[in-house]
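Okay, so here's the structure we're looking at.
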Amino acid sequence: MSRFDEDDAFEGAATAVSQSLSQRAMAGVAGARGTAYLDDLNPAQREAAEALDGPLLMLAGAGTGKTKTLMARIANLVVSGRARPNEILAVTFTNKAAREMRERLARQPFQVLEPLRWMGTFHSISVKILRRHAELAGLKSNFTILDTDDQIRLMKQVINAANIDEKRWPARQLAGIIDGWKNRALTPSNVPSSEAAAFNNRGTELYAAYQDRLRSLNAADFGDLLLYVVEIFKAYPDLLTEYQQKFRYILVDEYQDTNVAQYLWLRLLAQGHRNICCVGDDDQSIYGWRGAEVGNILRFEKDFPGARVIRLEQNYRSTGHILAAASGIIAKNAGRLGKTLWTAGGLGEKVRLIGRWDGEEEARWIGEEAEALQRGSSVIANRRSNARSKTSIQESERLAKGGRVSQNAAGDIHVSNLMREQSLTPAGAGNIPIPRGFGLDEMAILVRGSSQMRAFEDRFLTIGLPYRVVGGPRFYERAEIRDAMAYFRLAVSPTDDLAFERIVNTPKRGLGDKAQQVIQMTARADETSLLEGARYAVASGKLGGKGAAELRRFVENVDRWHKAIAAASPATARNPADDDDELIELDEASVPSAHDHAHVRLAEEILEESGYIAMWQNDKTPEAAGRLENLKELVKALEQFENLQGFLEHVALISENSSEEESEKITIMTLHAAKGLEFPVVFLPGWEDGLFPSQRSMDESGQKGLEEERRLAYVGITRAEELCTISFAGNRQVYGRWQSQMPSRFIDELPEADVEVLTPPGLYGGGYGAAAGFGGNAGGSSVEARATKADVYNSPGWRRLQDRAGNRPVSQPRESRHTVIDLDAVSAFDVGDRVFHQKFGYGHVQEIEGDKLAVAFDKAGTKKIVAGFVVAAADADDVPF
DNA sequence: ATCGGGCGGTTTTTT
DNA sequence: ACCGCCCGAT
C-alpha cells in the first residue's frame, strides 16, 4: 500500500514551481525586503512574530489576526536562517486548517519557496512518522488506517468473540471508552485500575483483544496513529532525538483542542530545544467531549517554565456591541487565562434578541428577516416604516387601545413601541437601522445541534430561499463511496479482510451468513486472508451451489485487478525506510505533471465488472441516481492522484465535502462547524435551556459542561461581523414530543447595554435582565428568577399570541409543576424525593453524593445526575403526557 | 437469502 | 419523529 511520501507527492504538485527554484534559492524566501512582512502587524502581533526562540504561548482571541501573525513568524524563522522550511513542524487540528494555512502562505507578498513539508494535522504527520518505523509498533509500513465504521465493525467482532451480549454492551460504547483511553495515551496495560470496571469489568481485556486484532490485520485506528508515535518516542530515545533535531521549530494551531496524547506527542518533540509556539484561545475550547483538554493550554507556562505569553486582543472582525456581548457571556466562566477583545471600529448594531412561539415560527421569522436584510431592511423595521399601509394602520389602532402585540395573516408578530417601553433602545430611534443590504452568502444560521437544521430547511424550501447545509453526511462516509473504496482497497491489498467482508456480498452474490462463515472458517484454519479462504473454499468444494460460482468469479476479478495494479506501480517495491526529505524531493520532481489515467480506468473497470454500478442502475429507489452521481464524482477525484494507493491514503485521513457550489446561499451549520469562520450576519436560534446549553452536556459534565456550552455561545457570537441575532422559541418538538422551553440562561448573561430586544412584551415578561444573577449564583434565589420566566408563558401577551396563532393546534404550555432548583442547591433533595429530569422523566432519589444524585427513574433505570439538573416533582401520580 | 415491521437510541465532530 | 438494526416471515 502507499507510504508516507505519497501525500507529499499530491501536495507537491502545487509547490512544484517553487520546488525547482528551491534548489537555487536556498534562503527559502523571496520577495521579502528585509523584514517588510512585519510592517503591517500591530505591536502584539509583531511581538509574537519576532519572539522566535523558546516556548511561546500566543493567546489569539477570535478575529485577532492569528494566521497573519503565524505567516510572518514562519517567514521570520526562515529569513533569520534559524530553520529551513522543512525543519519547521507546523501542526494543525484539521485538514482544512492545514490547507488554509498552506494557501495563505502561498498568497503572501513574500514567498517561502520550499514547501513546509511538515505542515499537517497531528494524524497525517503521525502517519508519516509511523510508516517509517511501523515495525517498532508491531506493524508493517503499509498498514491500513481504519475509519470509525471499520472500527465499530471490528469491535463488534471482538465483543462477540468474548461471548458478550452485544445488545447490552454495544460496540459503540466500547469504541467510546477505548477512544477515550487512546486520547489519554493509555495502552491496555496502562489503563488505571480505577477504570477496570469499564464495560462490564472487561474493558481492558477487550481493549487488548481489539489491539491484537488490529495488529493481525496490519491496521491502526485514528487513535493508534498518535499513540504509537508517542510509544515509539518513549521507547526509543535515540529516534526521538533525531526527530527533535529535525524539527528545530514547532508551531501548533488550536492548542486548546489538543488531547493528552497530542500533548505528550508535542512535549516529547519539544523537549530538547523548547522552540515551541502554541497558538490557541482557551475561550474557544469546544471539543472537551472528544478528549480535548483545556488544561493543556491553561498549564502551558508550568509545562514550559519561562514561556512567553502574548495576547492578541485587538479584534478586526466584529463591531463593538457584538464583542461586548460575547465578552459579557464568556466572563461568567471561571479559570480563564483572561483576555479582553477590543476593536478600533465602531459600536455597530446591538445584538438583537427575539423570542418566537415555536421552532417553526422561529424559522419563519429568520427566513423573512434574511430576505429583508437582502434589501437592506429588517422585518421589524420594515413593518414600521410601512406605517401607512392598511394592516399597519389597523394594528396601530389596536395598539392604541392597549393591545401590544398583533399578528398578521402570516403569523408574524408585529411589534409595537416595545423598545421605548423597555428603555433598551436609544431614545429617538424611531426605526431599527440596518447597516446595509446583505447577500445571502454573507449570512449564516448557527445551531447547537443538527436536529435544529430541519426546521430551517423545511421553511426555506417552502419559500424558495436558497440555503446550504454545511456538515451534512460526509462524502466519504456514504455507503456507496465506502463500498467502492472497499473494492479499491481489496484490489490494492487482497489481504484487507475488512474490505472483503464489506463487499463480498455487495452486490448480492447469494453469499449469506452461512457461506461467509465457511469462508471465515477456511481462512482461519489456514491462517490466511479471507480472499484466500474463499478461493480454497470454492476449490475444495466446501462451498457449493450458485453462491460458489459467483464467489469464484469474485475472487478471479480481485486477482485480475490486483495484478493490474501491481503491474502499474513498480514504486511499491521501494523500501520506505530509505526515504528522507532529499529523496522525496527527487521523487516529486520526477512525477510527471500530466498523469496517465490508467488507475482511473481501472477503477471504472472494477466498479463495472464487480456489478456494483449495475446494482445501483437497477435500483428503483429515489436515491439511486444520486448515488451513481457520487460514484462518478469519486472516480473523477481519482484523477488528482497518481495511483489508487495514493488515493486511499489520502481518503483515510481526510473527509470533506467535495462539491462546493458557488451560488448565493444562506449557510446553515452547527456552532462547532462554524469555528474559525466569520459572517457579516449571524443568526443564533434555539437559545433555550436544555437545547443550548445542552441538557446532556450539563448532565454528563456538570459545571464543566456548562462552561463548554458557554464557550460555544462565545464562539457563536464572535462569528458575526456586523449583525448578530439571537432567538429562542417557547415551544419545540424534541424527539417528537412537544416541550415548552425556557429561554437560555445565556440570554440572562448578555450585557443589557449591548442588546436590543425585538421580542414583544409578554413574551419575555419581567423585563430583560430580570433574572440576572442566575448561574453566577451570586445574586438572589435562582428559583424565583426561573419561576418568573416560566410565568412568561402564562402571561396575557403570550395567551393572545397563542389565540391568534390560528393555523396550528394550540397546545397549552404545560404549567410548571415544579420549581427549578439552583445548580448549587444540593441540599434541596433528600433520599426518597420525587424528581423530574428533562430527558429521563420521573424518578426517586436513591442516594446523594456531593453534588450528584443517584436517581431511580421510572422508565430510564438508575442514573447518576448532577443535582442541578433534576427538579423536585409534586408526587407520583402527577405524571404528565 | 432476502424483505419488512417492531424496537431502541437519539449532541456536538475530526482524524 | 426518525433512523438503523435485528429478527421473523417469505
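All figures in this text were calculated on a predicted structure; none of them were measured in a lab.
Between N95(A) and dT15(B) there is a side-chain N or O to OP1 or OP2 distance below 4.0 Å. Distances shorter than 4.0 Å separate none of the side-chain N or O atoms of R290(A) from OP1 or OP2 on dT13(B).
Shown here are the side chain to side chain donor-acceptor pair (under 3.5 Å) partners of N183(A), two or more places apart in sequence or in another chain: N259(A). Not a single side chain to side chain donor-acceptor pair (under 3.5 Å) links E293(A) to another residue, sequence neighbours left out. Contacts of Q516(A) classified as side chain to side chain donor-acceptor pair (under 3.5 Å), with partners at least two apart in sequence or in another chain: none. Every side chain to side chain donor-acceptor pair (under 3.5 Å) that D147(A) has, sequence neighbours left out, goes to R482(A).
Nucleotides of DNA chain C with any atom under 4.0 Å from a heavy atom of chain A span, from 5' to 3', dA1(C) to dC6(C).
For the residue pair S126(A) / W265(A), a side-chain donor-acceptor distance below 3.5 Å is found, with atom types taken as modelled.
Rounded to whole Å, the distance from CZ on R696(A) to P on dT10(B) is 6 Å. Rounded to whole angstrom, the span from the CZ atom of R711(A) across to the C1' atom of dT13(B) amounts to 16 Å. The CZ-P distance, from F475(A) to dT13(B), rounds to 20 Å in whole Å. Distance R710(A) CZ to dT12(B) C1': 18 Å, rounded to the nearest Å. Atom CZ of R172(A) is separated from atom C1' of dT11(B) by 11 Å (rounded to the nearest Å). Rounding to whole angstrom units, CG of residue N259(A) and C1' of dT14(B) are separated by 11 Å. Atoms CG (D149(A)) and C1' (dT13(B)) sit 16 Å apart, rounded to a whole Å. Atom CG of L226(A) and atom C1' of dT14(B) are 11 Å apart (whole Å).
Here dT12(B) is the nucleotide among dT11(B), dT12(B), dT15(B) with the atom lying nearest to any side-chain atom of S450(A). Nearest to the side-chain atoms of H672(A) among the listed nucleotides dT15(B), dT12(B), dT11(B) stands dT12(B). When distances are taken from the side chain of R448(A) to each of dT10(B), dT12(B), dT14(B), the shortest belongs to dT12(B).
Pairs of residues two or more places apart, or lying in two chains, that qualify as side-chain hydrogen bond (donor to acceptor under 3.5 Å, both in side chains) and include a residue from residues 449-458 of chain A are E457(A)-Y467(A). Residue pairs satisfying the ring pair (Phe, Tyr, Trp, His ring centres under 6.0 Å) criterion with at least one member in residues 146-186 of chain A, sequence neighbours excluded, are listed as follows: W169(A)-F199(A), W181(A)-Y207(A).
Using cut-offs of 30° and 60° on the angle between ring planes, the pair W289(A) and Y287(A) is tilted.
A donor-acceptor contact under 3.5 angstrom links the side-chain atoms of T148(A) to the base of dT15(B).
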Using atom names, set out every protein N or O paired with an N or O of nucleotides 1-3 of chain B below 3.5 Å, distance rounded to 0.1 Å.
unit_1, atom_1, unit_2, atom_2, d
dA1(B), OP1, G512(A), N, 2.8
dA1(B), OP2, D513(A), N, 3.4
dT2(B), OP2, N505(A), ND2, 3.4

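Residue-level contact check: F93(A) touches the backbone only, with heavy atoms under 4.0 Å from sugar-phosphate atoms and none from bases. Residue S694(A) is classed as a base contact, given a heavy-atom separation below 4.0 Å to a base.
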Residues 548-555 of chain A, side-chain donor-acceptor partners within the protein, below 3.5 Å, at least two apart:
none

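Side-chain atoms of E688(A) and R732(A), non-hydrogen and from C-beta on, do get closer than 4.5 Å to each other.
Between G449(A) and H123(A), the residue whose closest nucleotide on DNA chain B is further toward the 5' end is G449(A).
Residue ring and nucleobase are stacked for W289(A) and dT12(B), with a centre distance beneath 5.5 angstrom and an angle between planes beneath 30°.
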